Protein chains: 2
Amino acid sequence: MDTEKYTGILRENGMKVTPQRLEVLRFLDENRIHPTADDIYRTLKKDNPSLSKTTVYNVLDILSKYGLVEVLTISGTESRYDYGSTRHQHFLCTSCGRIVDIHIKGLCMDCMPEKGHKVEEVHGYFKGTCRDCLKGIGG
Amino acid sequence: MDTEKYTGILRENGMKVTPQRLEVLRFLDENRIHPTADDIYRTLKKDNPSLSKTTVYNVLDILSKYGLVEVLTISGTESRYDYGSTRHQHFLCTSCGRIVDIHIKGLCMDCMPEKGHKVEEVHGYFKGTCRDCLKGIGG
DNA sequence: TATTACATTGTAATCATTACAGATTAGGTA
DNA sequence: TACCTAATCTGTAATGATTACAATGTAATA
C-alpha cells in the first residue's frame with residue numbers, strides 16, 4: 001500500500017496527514033471514475049465503518065482548495081471529483097451517464113477572450129453518446 | 001408588450017401557449033443574466049402572485065427539452081438558464097459570481113475527439129476575474 | 001508526554017429540485 | 001358560444017445533496 005506516496009503528497013502541499021485523507025486521496029488516485037462524494041463514502045466505509053460522510057466532504061473540500069482535485073458540475077445534481085494533474089477534457093455520455101476523459105490536441109486553450117477578463121481556468125466538456133453505447137454495450 | 005412574439009415562438013415549436021410560459025420566456029429574453037429558477041420565480045411573482053415555483057421549473061424544463069433554453073451547471077449548487085440561439089461561451093467570475101457571455105472565434109468546435117464517441121454538444125467555460133472586478137468595481 | 005489547534009463524527013438543518021394530487025385552463029369541436 | 005379533455009398550474013410534501021454545528025478525538029510540535 002502506497003501510504004507513503006499519499007503522505008508525501010499531503011505533506012508537500014502543507015496539509016495535515018490523517019487516515020481519512022489518505023484513503024480518499026488513494027481512492028481518487030486509483031479510481032479515475034469521477035466519483036461523487038457518496039460513491040467515495042460508500043466504498044471507503046466498507047473498510048472503515050466509522051467514516052462519516054461529512055468527513056468525505058471536508059476532505060474533498062480541502063483537497064480542492066489546495067488544487068489537488070477538480071470539482072466537476074457537468075452532470076447536474078451532484079458534484080463529481082477528479083484527481084490527476086494532466087490537463088484533459090470530459091465527455092458525458094447522455095445514454096449511460098459515464099464521464100469519459102478525453103485528450104484533445106488542438107482545443108484552443110490559448111484563444112483567450114480579449115475583453116479585459118483575467119482567465120484563470122479553462123474548462124471544456126462534451127456531451128453525446130459514448131463508443132460503448134453506440135455499439136449497444138451500454139445502457 | 002411583445003406577447004405575439006413569444007406566442008409565436010411557443011407555437012412554432014409545438015408548445016401550448018400559457019401566460020406562465022409567455023412570462024418566463026419574456027423574462028429570459030429581456031434579461032440575459034443566466035438567472036436561476038428562483039431569480040425568475042421571485043421576479044415574476046411580483047406581477048403574478050399566484051405563480052408557483054413548480055410552474056417555473058416545469059416551464060424551464062419544457063423550454064430546455066424543446067431546445068429554447070440551455071441549462072448551465074457552471075456555478076455548482078444551482079442551475080442557471082440561458083436563452084438565446086447564438087453560440088457563445090461563458091465566463092464565471094470567481095470574485096463577483098457573475099456569468100458573462102463571451103464570444104470567441106477560434107475555439108475549436110470542430111476538433112472532435114476521434115475515439116468513436118458521438119458528440120452532440122460542445123460546452124466550454126472559463127473561470128477567472130472579470131474586467132469590472134479587476135478594476136475594483138465588483139465585489 | 002502534554003498541549004493545542006485542527007480533524008472527525010453524527011445529527012440536524014438547509015436549499016434546490018421533484019413528486020404528487022387536486023383545481024384550472026388552452027385549444028379544439030359541436 | 002358552450003363544452004370537452006388532455007395538458008397545465010398550484011401548493012404541499014418529499015427527496016437528496018450539501019452544510020452547520022457541537023462534542024469528541026487526534027496529529028504535530030515542544
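Given the structure is predicted, the values throughout are model-derived calculations rather than measurements. Labels below follow one simple rule: chain letters A, B, ... track the order of the sequence lines, proteins then strands, and each chain is numbered from 1.
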Q: Provide, to the nearest angstrom, the distance between the NZ atom belonging to B:K16 and the P atom belonging to C:dG28.
A: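 Checked: the NZ to P distance equals 9 Å.
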Q: Just one of A:T3, A:L22, A:I9 clears the side chain to side chain contact (heavy atoms under 4.5 Å, CB included) bar with A:V17, so which one?
A: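 That would be A:L22.
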Q: Separation of A:D39 atom CG from D:dT18 atom C1', in whole Å?
A: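 Distance, rounded to whole Å: 15 Å.
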Q: On DNA chain C, compare the nucleotides closest to B:A37 and A:N48; which residue's is nearer the 5' end?
A: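 Its nucleotide being nearer the 5' end, the pick is A:N48.
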Q: Taking OP1 and OP2 of C:dT25, is either one under 4.0 Å from a side-chain nitrogen or oxygen of B:Q20?
A: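 Answer is no, no contact under 4.0 Å.
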Q: Using a 4.0 Å heavy-atom cut-off across all strands, classify A:D38 as base, sugar-phosphate, or nothing.
A: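 Nothing, no nucleic acid heavy atom in range.
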Q: Judged by each residue's nearest nucleotide on DNA chain D, which is more toward the 5′ side, A:P19 or A:N58?
A: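 Closer to the 5' end of DNA chain D: A:N58.
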Q: Look at the side-chain N and O atoms of B:Y57 and state whether any lies under 4.0 Å from the OP1 or OP2 oxygen of C:dT17.
A: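 Answer yes for this pair, as a side-chain N or O of B:Y57 is under 4.0 Å from OP1 or OP2.
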Q: Give the rounded distance in Å between these two atoms: OH of A:Y41 and P of D:dT18.
A: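 It is 14 Å, rounded to the nearest whole Å.
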Q: Would you tell me if any nitrogen or oxygen in the side chain of A:R21 comes within less than 4.0 Å of OP1 or OP2 on D:dA27?
A: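 No, outside the criterion.
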Q: Roughly how many Å is it from NZ in A:K53 to P in D:dG16, rounded to a whole number?
A: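 To the nearest whole Å, that distance equals 11 Å.
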Q: Are A:V59 and A:I40 side-chain neighbours, meaning at least one heavy-atom pair lies under 4.5 Å?
A: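 No, too far: nothing below the 4.5 Å cut-off.
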Q: Please check: side-chain N/O of A:D29 versus main-chain N/O of A:L25, any donor-acceptor pairing under 3.5 Å?
A: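 No, because the side chain of A:D29 does not come within donor-acceptor range (under 3.5 Å) of the backbone of A:L25.
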Q: Take atom CD of B:E78 and atom P of D:dT19, then tell me their distance rounded to the nearest Å.
A: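 Distance check: B:E78 CD to D:dT19 P gives 13 Å.
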Q: Please give, in whole Å, the distance from C:dG27 P to B:M15 CE?
A: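 Computing the B:M15:CE to C:dG27:P distance gives 12 Å.
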Q: Is any side-chain N or O of A:T36 closer than 4.0 Å to OP1 or OP2 of D:dA17?
A: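 No, because none of the side-chain N or O atoms of A:T36 sits under 4.0 Å from OP1 or OP2 of D:dA17.
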Q: Could you check whether the side chain of A:T55 and the base of C:dA7 have a donor-acceptor pair of N or O atoms closer than 3.5 Å, going by distance alone?
A: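 Per atom types, no contact qualifies.
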Q: Give a yes/no on whether any side-chain N or O of A:S50 is located under 4.0 angstrom from OP1 or OP2 of C:dT9.
A: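 Looking at the OP1 and OP2 atoms of C:dT9, one of them is under 4.0 Å from a side-chain N or O of A:S50.
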Q: Of all the nucleotides listed (D:dT8, D:dC21, D:dG11), which has the minimum atom distance to the side chain of B:I62?
A: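 Closest nucleotide to the B:I62 side chain: D:dT8.
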Q: When only distance counts, do a donor and an acceptor, one from the side chain of B:T77 and one from the base of D:dT18, lie under 3.5 Å apart?
A: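 Absent.
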Q: For B:P49, report the nucleic acid contact type (base, sugar-phosphate, nothing); a contact means any heavy atom under 4.0 Å.
A: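 Nothing, no nucleic acid heavy atom in range.
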Q: Roughly, in whole Å, what's the span from CG in A:L22 to C1' in C:dA7?
A: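 From A:L22 CG to C:dA7 C1': 13 Å.
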Q: B:N58 and B:T55: side-chain donor and acceptor closer than 3.5 Å?
A: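 B:T55 and B:N58 do not have a side-chain donor-acceptor pair below 3.5 Å.
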Q: Is it true that the side chains of B:D82 and B:H90 contain a donor and an acceptor less than 3.5 Å apart?
A: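 Yes, B:H90 and B:D82 have a side-chain donor paired with an acceptor closer than 3.5 Å.
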Q: Just call it for A:T18: base, sugar-phosphate, or nothing, with non-hydrogen atoms closer than 4.0 Å on any strand.
A: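 If one applies the 4.0 Å heavy-atom cut-off, A:T18 turns out to touch the sugar-phosphate alone, with no base involved.
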Q: When you check the gap from the basic side-chain N to the acidic O, do A:D2 and A:R26 get nearer than 4.0 Å?
A: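 So A:D2 does not pair with A:R26 through a salt bridge.
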Q: Tell me the interatomic distance from A:R11, atom CZ, to D:dT29, atom C1', rounded to whole angstroms.
A: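 Going from A:R11 (CZ) to D:dT29 (C1'), I get 12 Å.
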